[in-house]
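Here's the structure we're looking at; comments come further down.
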Amino acid sequence: RAHSNPFSDHQLDYPTSPDDMNWSKLFPHYYDSTTGKMTKDVTIADIGCGFGGLLIDLSPAFPEDLILGMEIRVQVTNYVEDRIIALRTNHAKDYQYQNINVIRGNAMKFLPNFFQRAQLSKMFFCFPDPHFKQRKHKARIITNTLLSEYAYVLKDNGVIYTITDVEDLHNWMVKHLEEHPLFERYDKEWEDNDKCVQIMRNATEEGKKVERKKGDKFVACFRRLPNPAIV
Amino acid sequence: MSLIHPIQAVVSNRSGELIFAVLKNVIIAYRYDQTNGKYLEMGKWEDQFSRDEMIKIAVVKEQARQLAENEEKGIKKSKTNEGNTIEKKHDAKIPVPGPGAPPIYSQIRNLMISNDETMLLACADSDKSVLVFKIETLNNDNCLKLIKRQPFPKRPNAITITEDDKTVIIADKFGDVYSMLIESPVIENIDEEFEPILGHVSMLTGVLSTTNNGMKFVMTSDRDEHIKISHFPQSYIVDKWLFGHKEFVSSICIPSWNSNILVSAGGDHGIFLWDWIKGEKLDEFDFTDLVLPYINENHLAPDRFQNEENDLKEFAVSKLVSLPNNPYFAFFVEATKLLIILEVDQSTYKMKLLQKIVLPYYITFISTFSDDKTMGFNISLDNRESGDKDFVKFIALDTTSNTFSIKEEQSDEFNTSIVNSFSKEDSIVKVELDEVYPLYNIISLKKHGEHYS
């Protein structure tokens, strides 16, 4: 199945609150059994991670970060899980790919159940479902109201990365992010010098598909601004 | 014996002297005359909005758009056998709903009085609008003067008003929250000109606004166990979430005796008391044992979620209210006759049972009255089996014994007034069963995780 309705009541597992989240199962290498605590927190999230291509390329590029993919489709999530297990097994000697994992979840509803305020430094939205129909626009992953929730889990100067091959969707995402008081767009020069942009352009399965078809890829990156003074 | 539609909501001003009740799509107002103990009808307003007309406008607009689009694309409309184009001009046809189409309800919900008691707010399902009435207490012919009717893109499910009584905040079924200045003109083009101030990807069930430490906040509760606190008017800044509910939240309130406290309830079998400034749950009051004797066959889970023994029962808190000046809360579980009043210890913030009151019929709504002379609750009942009695019960605190009791005489007087206010010809007398306001719709918010993929 290519799509999943974000408004449905799926059979989902999510913690009651971020404090209740058991990260040790996803990142056992970073669990300290003597203290019973994680030695690192997740700081990078790939929302709608699809087949996990971005996670796998980000893993060696950010060895100090824990990186979580969230995907709503069950089969796709299972595939990514298997892929990561295989990678971890093949690289068991030097503990590679221990810093990435995937969960099945509805980020539009339950993102704040997983992450504390200002926990994340980077969020990726790669080739999201375009939801072309006007009346389905609320189902898009970038909306004014959801951006406020993404801003909550991002720390100051954290980055939202977006990439899509659908120009209309690109314009929509740029418009909403530019309108939001807590985000500011990075310029082209910044994009060209950022390694995540490089990885994002080339790593994902969707990105490669667009590459093969010689399609366009539209990138936009935004900085999380500090909250203004409360009036 | 004619049967009048039961009251689905009843609110009063702080003294309890002015009472507003909703029966289906009618709001009716009464004043309590202390000299003779009678209730005088002061006003009545019926929602007569025609949905057909609205659909027609939408259809005409869509046809005009399509014609314009065809013109632009150069599509020929229609040709005769000779090849001449004919201009087709038809009146817009109003589509007739086929079998299985959602029924069109004309109902009023979310009744509330402004802080200064000069305005009454409500929502009309017919055009998904917020209604603002000026309460003209000196106008004895009809004290309800509609001053604003603002439709919204989706049905408003909860409303609140800011402390200065200038802004109404609306939470809708689709998860979006809008703010509307009462003074501003009605916006016609709602889809384009109304932007939500915040939102959830879930059905919203409650909204509150409050000021604390000079800062204004908006609290919103939803079907996905969330209570979100946002700044206002900088509603793009989320302050925090209150996590702890494992089922949908149906009702939230902030007591005026301590604005740091928020109380919430819903599908969980407990009342949650929070310090929302710190984001901490202070106490949870489990009401299961209190309520179980009142759980009945109406609480049986729907067939597709039922167990093999066919005895799975599901119940939820319908509404929770706090008395303004005393540390008392009252709530009821949907489709029960039991009103539960809790007391909060103001030093430990622990809740305990103060009193249980059994009503003659299932409770449909609860609101409060409270001033320096009197305090208590206005309760409406599903009295369809009573033969036009027991529409409401007023429950007041006896300060000497510190117990609440039903004011039977006063309640009976009010019920007599209701019966006298309607004649057999009125549309809300002898309503068909499927036209009755859905009095027991809270439990349908319960999630069963039916979608597996």
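- Remark: the backbone N or O of A:Gly50 is paired with a side-chain donor or acceptor of A:Glu71 at under 3.5 angstrom.
- Residue contact with chain A, scored on non-hydrogen atoms closer than 4.5 Å, involves the backbone and the side chain of B:Lys240 alike.
- Using a 4.5 Å heavy-atom threshold, the side chains of A:Glu167 and A:Asn171 count as touching.
- For the residue pair A:Tyr14/B:Glu225, the side-chain donor-acceptor check at 3.5 Å is satisfied.
- Ring geometry for A:Tyr150 versus A:Phe125: interplanar angle of 30 to 60°, hence tilted.
- Contact of A:Ala229 with chain B is made through the backbone alone, with heavy-atom distances under 4.5 Å.
- Panel note: side chain A:Thr162, backbone A:Ala220; a donor-acceptor pair is recorded below 3.5 Å.
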- Message: Working note: B:Tyr236 + A:Asn144, criterion side chain to side chain donor-acceptor pair (under 3.5 Å); need CA distance, chi angles, decisive distance, verdict.
- Response: CA-CA 8 Å; B:Tyr236 53 85; A:Asn144 289 353; over 6 Å; no

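- Of the listed residues (B:His200, B:Glu195, B:Lys216, B:His226), the greatest number of heavy-atom pairs within a distance under 4.5 Å of chain A belongs to B:His226.
- Under the 3.5 Å distance criterion, the side-chain polar atoms of A:Thr43 are left unmatched by any main-chain donor or acceptor of A:Ser121.
- Residues of residues 244-251 of chain B lying under 4.5 angstrom from chain A, judged on non-hydrogen atoms, are B:Gly244, B:His245, B:Lys246 in numerical order.
- Not a single donor-acceptor pair under 3.5 Å links the side chain of A:Glu149 to the backbone N or O of A:Pro112.
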- Message: As a quick check of understanding, evaluate ring-ring contact (aromatic ring centres under 6.0 Å, His included) for A:Phe124 and A:Tyr161, giving each step before the final call.
- Response: CA-CA 5 Å; A:Phe124 289 88; A:Tyr161 290 89; 4.5 Å; yes

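- For chain A, no part of B:Asp222 is nearby; none of its heavy atoms comes within less than 4.5 Å.
- In summary, the aromatic rings of B:Phe194 and B:Tyr178 are positioned with their centroids under 6.0 Å apart.
- Annotation: residues 15-25 of chain A contacts chain B through A:Thr16, A:Ser17, A:Pro18 [non-hydrogen atoms, separation under 4.5 Å].
- Ring centroid separation for the pair A:Phe222 and A:His180 does not come in under the 6.0 Å cut-off.
- A salt bridge is absent between B:Arg155 and B:Asp172; no separation between the charged side-chain nitrogens and carboxylate oxygens falls under 4.0 Å.
- In terms of heavy-atom pairs under 4.5 angstrom with chain B, the leader among A:Asn113, A:Thr143, A:Leu146, A:Leu147 is A:Asn113.
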